[in-house]
Amino acid sequence: MANRQDGLAEALDTEQRTVSWLYGRLDAARERAREALREVYARGGAAGTRQARVEREVLAAEQARRLAQLDAVERGLCFGRIDDADGNTTYIGRIGLRDEQHESVLIDWRAPAARPFYVATAADPGGLVRRRHLHLKDRVVVGIDDEVFDLEGMSEGDRRTLVGEAALLAALRRGRTGRMSDVVATIQAEQDRVIRSALQGALVVQGGPGTGKTVAALHRAAYLLYTHRDTLERRGVLVVGPNPMFLRYISQVLPALGETQVVMTTVGGMFPGVTAAVADKPAQALVKGDLRMAALLAEALRRRQRVPDGDLVIELDGLRLRVPHGTCLRLRDRARAVRLPHNMARKLYVTELLKELARAEARALEESLHIEELDIPDEPELSEPLDLEGDLDELDIELASRRLWGEPEVRAAVEELWPELTPQRFVAELLSSPEELEAAAPAGLSWRALVRPLESPWTVGDVPLLDEAAELLGEDDSAQRVAARREREEQAGEERYAAEVLQVTGVAEQGILERADVLAERHADDGIGMTTADRAAADRTWAYGHVIVDEAQELSPMAWRMVMRRVPAKSLTVVGDLAQTGSAAGARSWGEVLDPYLEGRWRVERLEVNYRTPVEIMRVAADVLRSFAPDEEPPESVREGESEPRALRLPVEALPGVVDEELAAIGEGRLGVLTPDARHARVSALFPGSGLEAPVAVLTVGQAKGLEFDAVVVVDPAGILEQSPMGGQDLYVAVTRATRRLTVVYEDKLPSVLSRLA
Ligand SMILES: Nc1ncnc2c1ncn2[C@@H]1O[C@H](COP(=O)(O)OP(=O)(O)OP(=O)(O)O)[C@@H](O)[C@H]1O
């Protein structure tokens with residue numbers, strides 16, 4: 001025993017010396033960055049030439065970013081060490097650090113050299129003799145876990161100082177904080193495969209609750225940004241999550257991994273300028289999410305490109321301008337035939353229509369003059385019949401067109417025949433018009449579910465419709481295109497200049513900065529201080545380099561159509577669990593949602609170990625899963641719980657008592673009260689001050705998707721089962737949110753799927 005204690009003390013001592021030295025290197029790197037920043041600021045304020053300003057901005061922003069990155073890795077800077085059979089030792093950390101001789105002394109967890117730390121197993125140690133986890137509190141090494149792969153291959157000293165307790169289980173025992181934390185120190189081999197999978201193509205990560213899908217997807221984002229920085233810094237990475245609550249929950253993971261350049265949003269947030277937080281009822285969600293909505297929208301838009309019943313007649317200053325019906329038809333068909341989006345084809349239509357109106361005006365004028373034929377013998381040309389229309393030349397028509405375009409009557413006619421539409425106006429007007437919906441709906445689509453008042457708030461299901469509408473309508477981007485061309489020309493100059501800045505200042509050598517073109521782009525004149533993420537988030541047509549969709553089973557086919565538009569290269573990570581699908585419009589199979597875009601070019605990785613829910617709770621969850629998916633296997637839990645889950649028959653008003661009891665049992669951790677949608681307000685009122693950051697959060701099951709709590713109280717399970725056709729899936733999600741304790745509270749009858757708790 002004494003020997004073991006001595007061995008531990010010796011090992012802690014050795015590791016402490018290394019860790020203290022590494023923190024010294026971190027402090028030195030921070031000081032260098034701070035010094036560089038001071039130097040940039042010392043060069044003066046906003047004055048100076050444009051080049052000098054760009055130079056300052058480039059350097060200041062890069063140094064500030066570097067400093068923020070160095071600050072973010074303070075906690076748990078170094079968490080692992082691997083020793084190979086040749087006697088080499090490598091320390092693994094949140095970022096890479098070098099010593100004065102530029103030798104690598106700490107390896108970034110994402111670098112290839114760190115990989116053995118994550119993938120070595122007893123069966124396949126990959127040349128390692130030992131993997132060691134270091135547990136730090138602030139800058140002090142407080143614990144060590146060893147996994148030995150080859151005792152024979154270790155030195156006498158190393159054998160003496162072996163220390164062991166599974167690092168993973170220690171990590172899993174930690175109390176929850178209301179925010180997800182990174183697992184960089186304990187990534188498991190199956191997760192590592194997901195994280196380091198190639199950038200190209202689509203990867204589906206399918207796994208039951210608590211298998212670390214979200215955490216693996218976020219580490220993958222950090223890994224891809226590290227490995228493909230050139231491509232991804234320029235194009236950006238988008239993470240799509242199920243709801244704002246979830247985004248808040250995961251918001252700290254990427255910054256703690258040193259990445260701040262990722263855009264995070266929900267489906268409801270993907271149309272710039274619209275914030276849709278209201279969920280649709282299942283019947284609406286189903287229809288709005290149906291791919292046939294694309295055809296409906298296209299047809300409804302065609303119907304807004306009209307032809308008058310008879311001739312087009314406009315009264316203008318006592319003249320009747322008449323464009324024959326047949327001409328109107330021809331103009332409309334010609335404008336449609338160019339196959340441009342509606343608002344762009346409209347330009348052509350208006351131009352042509354104005355010409356026709358100019359001619360009609362000449363004709364009307366001719367008639368109004370009542371001059372039939374003049375017969376003046378000495379002036380033969382005057383005796384020609386008057387032909388004002390025939391006499392119009394190009395210039396006359398052009399001038400007349402412009403004048404006519406200023407007339408309100410003409411504008412009103414065009415508005416009627418081929419209106420200029422925003423996506424918002426088009427969709428809102430369509431959904432409030434049963435006649436138009438009926439006329440445009442493909443056979444079999446239950447369009448009646450869509451009808452609603454004109455001023456209704458936007459729902460999540462509307463956003464893919466707005467996006468589709470924006471595609472059909474097109475934006476008038478000719479001015480933007482000219483500006484973009486000019487910007488590109490300027491950028492070529494800026495790139496050259498940024499490269500010089502890097503060279504002259506020597507910053508490039510410190511390994512801080514990336515390619516000059518990336519820098520120049522980020523600091524182009526109109527966007528000083530704007531990051532790729534800022535620009536991408538504001539631009540509906542931005543093409544991301546990679547998109548990660550979490551809780552992907554919830555997306556409707558129309559939402560997939562929108563997501564796929566954002567990633568033309570089809571480089572995606574799709575993370576989800578088909579057994580947890582809660583939305584009526586959600587996925588039943590991955591092929592069904594992905595094949596329309598990827599034609600089988602997607603691969604699946606499965607995660608099968610549940611790191612969240614203890615065995616006892618998982619037994620209850622397995623009963624629920626069997627009730628709606630008899631062939632599905634629940635994931636296997638890695639740990640035993642501290643108590644048996646229980647069911648209590650109580651009125652809702654008695655909940656605070658139960659919650660107090662549970663809070664006392666979990667100590668520092670967090671508790672979630674999960675309710676059916678209809679009961680949320682009533683239960684929330686019992687817990688003033690509750691929230692994600694508070695000890696108690698009261699949430700609907702939809703809001704709790706992807707989250708977890710030390711203790712969970714599920715209220716009214718029968719209500720959850722009955723609230724939608726996917727009630728079984730909802731109850732499965734609810735009972736799998738607990739990391740330690742589960743209590744089910746019911747008023748009337750316990751549903752039979754929970755009879756194990758009776
Ligand atoms: N390798 C790991 N080391 C430590 N903790 C882990 C590891 N993998 C997963 N976990 C923990 O397990 C819990 C579940 O992970 P996560 O939320 O990513 O699962 P999920 O598959 O997305 O679950 P769900 O589908 O239920 O939303 C989290 O607390 C996470 O930190």
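Computed from a prediction, not measured in an experiment: that's the story for all the values here.
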Among residues at least two apart in sequence or on other chains, which ones pass side-chain hydrogen bond (donor to acceptor under 3.5 Å, both in side chains) with [X]?
X: Ser456; value: none
X: Asp660; value: none
X: Ser643; value: Arg741

Verify, without hydrogens or angle tests, whether [X] (side chain) and [Y] (backbone) share a donor-acceptor contact under 3.5 angstrom.
X: Arg606; Y: Val205; result: no
X: His680; Y: Val698; result: yes
X: Arg626; Y: Ala621; result: no
X: Asp280; Y: Gly461; result: yes
X: Ser197; Y: Val194; result: no
X: Glu616; Y: Gly641; result: yes
X: Thr581; Y: Ala587; result: yes
X: Arg737; Y: Val733; result: yes
X: Ser637; Y: Thr613; result: yes
X: Arg679; Y: Asp677; result: no

At their closest point, which heavy atom of [X] faces which heavy atom of [Y], and how far apart are they?
X: Ile720; Y: Leu731; answer: CG2-N, 3.7 Å
X: Leu757; Y: Pro645; answer: CD2-O, 3.6 Å
X: Val715; Y: Val683; answer: CG1-CG2, 4.4 Å
X: Ala559; Y: Pro464; answer: CA-CG, 3.8 Å

**Asked** Looking at residues at least two apart in the chain, or sitting in another chain, which of them share a ring-ring contact (aromatic ring centres under 6.0 Å, His included) with Trp109?
**Response**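 Testing Trp109 for ring-ring contact (aromatic ring centres under 6.0 Å, His included), a comparison that skips the adjacent residues, returns His219.
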
Please collect all salt bridge (Lys or Arg N to Asp or Glu O under 4.0 Å) contacts where either partner lies in [range], sequence neighbours excluded, each pair once.
range: residues 244-253; value: none
range: residues 202-219; value: none
range: residues 718-727; value: none
range: residues 546-559; value: Glu554-Lys705

Considering only NZ, NE, NH1 and NH2 on the basic side and carboxylate oxygens on the acidic side, decide whether [X] and [Y] come within less than 4.0 Å.
X: Arg670; Y: Glu693; result: no
X: Arg132; Y: Glu15; result: yes
X: Arg740; Y: Glu668; result: no
X: Arg535; Y: Asp539; result: no

**Message:** Would Phe709 and Leu699 count as a side chain to side chain contact (heavy atoms under 4.5 Å, CB included) here? Give the steps.
**Reply:** CA-CA 12 Å; Phe709 304 90; Leu699 304 170; 3.7 Å; yes

**Asked** Are Ser724 and Lys281 close enough that a side-chain donor and a side-chain acceptor fall under 3.5 Å?
**Response**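 Side-chain D/A pair, Ser724 to Lys281: absent.
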
**Message:** With no hydrogens and no angle check, just 3.5 Å: does a side-chain donor-acceptor pair link Glu636 and Asn610?
**Reply:**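 No, because no side-chain N or O of Glu636 sits under 3.5 Å from a partner of the opposite role on Asn610.
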
Quick one: does [X]'s side chain get under 4.5 Å of [Y]'s, heavy atoms only?
X: Trp590; Y: Leu578; value: yes
X: Trp560; Y: Val574; value: yes
X: Leu707; Y: Phe246; value: yes
X: Val673; Y: Leu686; value: no
X: Leu555; Y: Val267; value: yes
X: Met270; Y: Asp467; value: no
X: Met618; Y: Pro634; value: yes

**Asked** Has Glu455 got more than 12 heavy atoms of other residues, nucleotides or ligands less than 6.0 Å from its CD?
**Response**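 Open: at most 12 neighbouring heavy atoms sit under 6.0 Å from CD of Glu455.
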
**Request:** Classify the ring geometry between His135 and His133 as parallel (under 30°), tilted (30 to 60°) or perpendicular (over 60°).
**Result:**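 The rings of His135 and His133 lie parallel, inter-plane angle below 30°.
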
**Request:** Name the orientation class of the two ring planes belonging to Tyr732 and Phe628 (parallel below 30°, tilted from 30 to 60°, perpendicular beyond 60°).
**Result:**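 Judged by the thresholds at 30° and 60°, the geometry between Tyr732 and Phe628 is perpendicular.
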
**Prompt:** Out of Gln424, Gln284, Arg452, which one pairs with Asp462 under the side-chain hydrogen bond (donor to acceptor under 3.5 Å, both in side chains) rule?
**Reply:**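 By the side-chain hydrogen bond (donor to acceptor under 3.5 Å, both in side chains) criterion, Asp462 pairs with just one of Gln424, Gln284, Arg452: Arg452.
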
For [X], what residues pass the salt bridge (Lys or Arg N to Asp or Glu O under 4.0 Å) criterion, not counting sequence neighbours?
X: Asp577; answer: none
X: Asp71; answer: Arg30
X: Glu708; answer: Arg176, Arg612
X: Arg756; answer: Asp623

**Item:** CA sep, side-chain torsions, deciding dist, call: Val19, Arg139, side chain to side chain contact (heavy atoms under 4.5 Å, CB included)
**Value:** CA-CA 8 Å; Val19 166; Arg139 293 185 170 198; 5.6 Å; no

**Asked** Checking side chain to side chain contact (heavy atoms under 4.5 Å, CB included) for the pair Glu653/Arg682: CA distance, chi angles, key distance, verdict?
**Response** CA-CA 9 Å; Glu653 282 60 36; Arg682 194 169 142 213; 3.2 Å; yes

